[in-house]
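Quick notes on the structure that follows.
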Amino acid sequence: MALRFFNTLTSEKQEFKPLVPGRAGVYVCGITVYDLAHIGHARFLVAFDVLVRFLRWDGFQVTSVRNWTDVDDKIIQRAQERGEDPRALSERFIAACQDDMRAIGVLSADVEPKATEHIPEMRALIARLIEKGFAYAAKGDVYFAVRSFPEYGKLSKRKLDDLLSGARVEPGEQKRDPLDFALWKATKPGEPESVSWESPWGKGRPGWHVECSAMSQKYLGTTFDVHGGGKDLIFPHHENEIAQSEAASGQPLANFWLHNGFVTVDAEKMSKSLGNFRTLRDLLAHWDGEALRAFLLSTHYRHPINFTESAVADADRRVEYFYESLAKADAYLLQKKFSGQPKPLAEHEQAFREAMEDDLNTADALARLERLYGLLNARIDARGKPDEVAAMVHTARALSQVLGLSARAPEQAIKDRRALAASRKGIDSRWVEERIAARLAARKSKDFARADAIRAELAAKGVELRDGPQGTDWRVLL
RNA sequence: GGCACCGUCGCCAAGUUGGUAAGGCAAGGGACUGCAAAUCCCUCAUACCCCGGUUCGAAUCCGGGCGGUGCCUCCA
């Protein structure tokens with residue numbers, strides 16, 4: 001099996017052939033930072049984080065770029081509402097987003113360029129487009145002339161005439177054609193100096209689409225391997241990026257265009273206008289970030305995924321199962337004083353690879369990985385040979401980490417997760433420990449009726465007890 | 001109206017360049033346990049929204065319905 005991706009450009013799964021064998025350049029459209037990140041952002045972040053992790057594990061040398069859009073109409077508007085400087089506001093939200101991303105296990109990209117730090121590159125690109133006749137300046141604005149680029153619509157499969165119905169010219173815009181889009185927007189009266197730059201066309205700021213064209217070109221070159229983002233970016237954002245970049249260079253922008261599906265809430269698209277969006281900040285107060293990550297990986301990245309409490313609870317159970325299994329295996333090997341060098345299990349690696357090679361089928365990969373965990377537990381239960389157990393746990397851990405899961409020390413993760421669940425349910429752990437001690441006393445005196453009463457008392461609060469050789473442990477039921 | 005997509009067991013979800021339905025949750029049985037939990041083992045869709053068609057063979061392809069979603073305006 002070869003690595004295949006569904007390419008929006010060709011509408012089919014294609015074998016991934018990088019420009020340079022063994023290397024991959026990946027550009028992902030990042031967040032416009034005017035608010036906290038939501039679960040929809042988490043979806044694309046996790047999807048493309050897994051892409052990068054998998055490519056690296058599969059032997060590719062990856063250069064990943066994920067931008068921050070830190071100058072934009074919405075940022076300026078939000079800043080004005082709050083009486084804050086737009087640049088300060090965007091910096092604040094970048095920091096907040098980074099915290100949230102860490103919590104769901106999203107790695108930093110190799111380059112995380114900010115639009116405001118690439119104004120010269122954007123000006124140069126715009127100048128080139130004007131020079132080549134693809135763009136025109138009008139009263140301080142610069143627009144891309146869509147009809148001058150014959151391939152416009154090739155990504156979104158739209159015809160220019162079909163687009164006309166939705167296109168419109170805002171008051172004050174100087175478009176020659178309603179389909180044209182802004183490359184440069186003249187600074188309006190009252191807009192802060194911090195978001196205004198000099199240019200041959202007067203003071204202004206870049207349009208949204210041009211930043212990605214300029215930054216991808218700078219860090220990945222004229223043509224690169226993979227461009228990713230949410231489905232909603234296909235039109236107009238990515239279509240416009242293609243138009244700008246390819247008009248300027250005459251070369252393809254990216255060979256593979258990958259787009260993730262939406263997160264829905266109650267089967268409806270989450271959006272600001274519907275008021276049903278869930279910020280990560282909010283969700284992380286109640287859920288383990290890793291559980292949210294596992295939830296997002298439980299459905300193929302191109303399909304819609306519906307956010308429900310029970311779906312996240314299922315994912316949480318799976319995260320728990322992985323950590324429990326790893327903890328049990330580690331303890332077993334410690335007890336057996338195993339100190340050899342574990343060998344990865346090729347057949348399980350291969351099973352995992354096959355699922356992932358098929359357009360990053362994380363749902364299938366997770367299922368196959370879970371089989372390995374099952375075998376691992378069975379082997380430990382059967383008091384199997386330490387080197388066999390070691391090979392299994394080593395492989396399970398490594399493959400989990402390709403998905404960005406099970407990276408924490410198991411015992412600590414279990415404690416942290418329990419603490420989060422306890423605080424969520426308002427359970428006082430000292431009270432639980434006290435009840436466990438009382439139950440232990442009852443059990444010692446063979447007063448099982450009392451012991452069971454205490455168990456029931458805890459169960460009523462959502463606390464589950466586990467008696468083991470080392471004493472009684474507890475968990476919080478979701 | 002144009003474009004794209006979805007409809008698989010009670011719930012979630014793979015499989016969609018055709019070849020005889022993964023997995024998880026829930027449920028039932030068993031091992032283990034003072035009782036439990038965790039873990040492991042077993043069972044659990046003649047069936048893939050409906051109707052036609054192509055085919056030796058279709059969840060997978062084609063046509064027509066029904067139901068749902070998204071994009072076409074800022075949006076992951």
Side-chain angles (χ1 to χ4, degrees), chain A residues 4 8 11-13 28-32 34-35 37-48 69 72-74 77 153 156-159 161-168 170 208 228-237 239 259-264 267-273 277 294-295 298-306 308 310-315 317-318 320-321 324-325 327-328 351 355 358 361-371 373-382 443 446-449 451-452 455-456 459 463-468 472-475 477:
Chain A
R4 299 191 310 159
T8 305
S11 301
E12 59 182 20
K13 280 187 200 170
V28 179
C29 286
I31 300 176
T32 300
Y34 66 101
D35 207 339
H38 53 65
I39 184 76
H41 292 119
R43 164 94 124 154
F44 93 81
L45 289 164
V46 167
F48 294 108
T69 297
D72 166 90
D73 290 348
K74 287 189 295 291
Q77 189 191 332
S156 56
K157 321 292 180 226
R158 287 182 162 91
K159 298 184 181 70
D161 294 336
D162 297 337
L163 289 170
L164 270 177
S165 62
R168 62 165 184 261
E170 297 289 335
W208 174 36
K231 263 189 164 68
D232 49 348
L233 297 186
I234 294 172
F235 188 90
H237 185 54
E239 196 70 72
H259 292 98
N260 63 276
F262 293 120
V263 177
T264 57
E268 239 181 3
K269 184 192 171 184
M270 184 177 56
S271 74
K272 308 261 158 156
S273 50
F277 64 96
F295 159 68
S298 68
T299 299
H300 186 100
Y301 77 92
R302 280 193 293 115
H303 293 179
I305 187 169
N306 194 30
T308 62
S310 74
V312 182
D314 278 359
R317 229 166 269 133
R318 177 176 249 159
E320 185 83 2
Y321 175 66
E324 295 275 5
S325 303
K328 190 160 94 175
D358 185 13
N361 193 337
T362 53
D364 194 17
L366 233 20
R368 294 174 186 221
L369 183 53
E370 212 150 31
R371 232 165 282 168
Y373 276 96
L375 293 172
L376 169 66
N377 278 306
R379 192 61 57 91
I380 297 169
D381 286 359
R443 292 178 74 205
K446 302 280 187 209
D447 185 356
F448 292 121
D452 289 350
R455 178 198 290 289
V463 175
E464 183 177 86
L465 298 184
R466 294 187 187 177
D467 295 327
T472 299
D473 201 2
W474 58 283
R475 292 286 182 276
L477 295 170

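All figures in this text were calculated on a predicted structure; none of them were measured in a lab. Naming convention: chains lettered A, B, ... in sequence-line order (proteins, then strands); numbering from 1 in each chain. Values below: every heavy atom of this structure, side chains too, minus hydrogens, waters and symmetry copies.
With distances taken from any side-chain atom of Asp467(A) to the nucleotides rC35(B), rC74(B), rU16(B), the minimum falls on rC35(B). Listed nucleotides rU39(B), rG34(B), rA38(B) differ in distance to Arg443(A); the shortest reach to its side chain belongs to rG34(B). The side chain of Glu370(A) approaches rG23(B) more closely than any other nucleotide in the set rA22(B), rA38(B), rG23(B). When each of rA14(B), rU16(B), rG34(B) is scored by its nearest atom to the side-chain atoms of Asp452(A), the top-ranked nucleotide is rG34(B). Checking rA38(B), rA14(B), rA76(B) against the side-chain heavy atoms of Thr32(A) singles out rA76(B) as nearest.
Salt bridge Arg475(A)/Glu320(A): present, at least one basic N to carboxylate O contact under 4.0 Å. With respect to Asp358(A) and Lys13(A), a salt bridge is recorded, a charged nitrogen being found less than 4.0 Å from a carboxylate O. Using a 4.0 Å cut-off between charged nitrogen and carboxylate oxygen, Arg318(A) and Asp314(A) do not count as a salt-bridge pair.
Note on Gly468(A): nothing from the nucleic acid sits closer than 4.0 angstrom, heavy atoms only. Phe262(A) comes within 4.0 angstrom of a base, heavy atoms only.
Contact annotation: Tyr321(A) side-chain N/O to rC40(B) OP1/OP2 distance is under 4.0 Å.
Toward the 5′ end of RNA chain B lies the nearest nucleotide of Asp381(A), the other residue of the pair Asp381(A) and Gly230(A) mapping further downstream.
For the atom pair Thr299(A) OG1 and Asn260(A) CG, the distance stands at 12.0 Å (nearest 0.5 Å).
Separation of the P atoms belonging to rU33(B) and rG28(B) is 22 Å when rounded to the nearest angstrom.
Rounding to whole angstrom units, CZ of residue Arg158(A) and C1' of rG70(B) are separated by 10 Å.
Applying the 3.5 Å distance criterion, the base of rC5(B) shares no donor-acceptor pair with the side chain of Arg302(A).
A distance cut-off of 5.5 Å between ring centres, combined with a plane angle under 30°, leaves Phe44(A) outside any stacking arrangement with the base of rA76(B).
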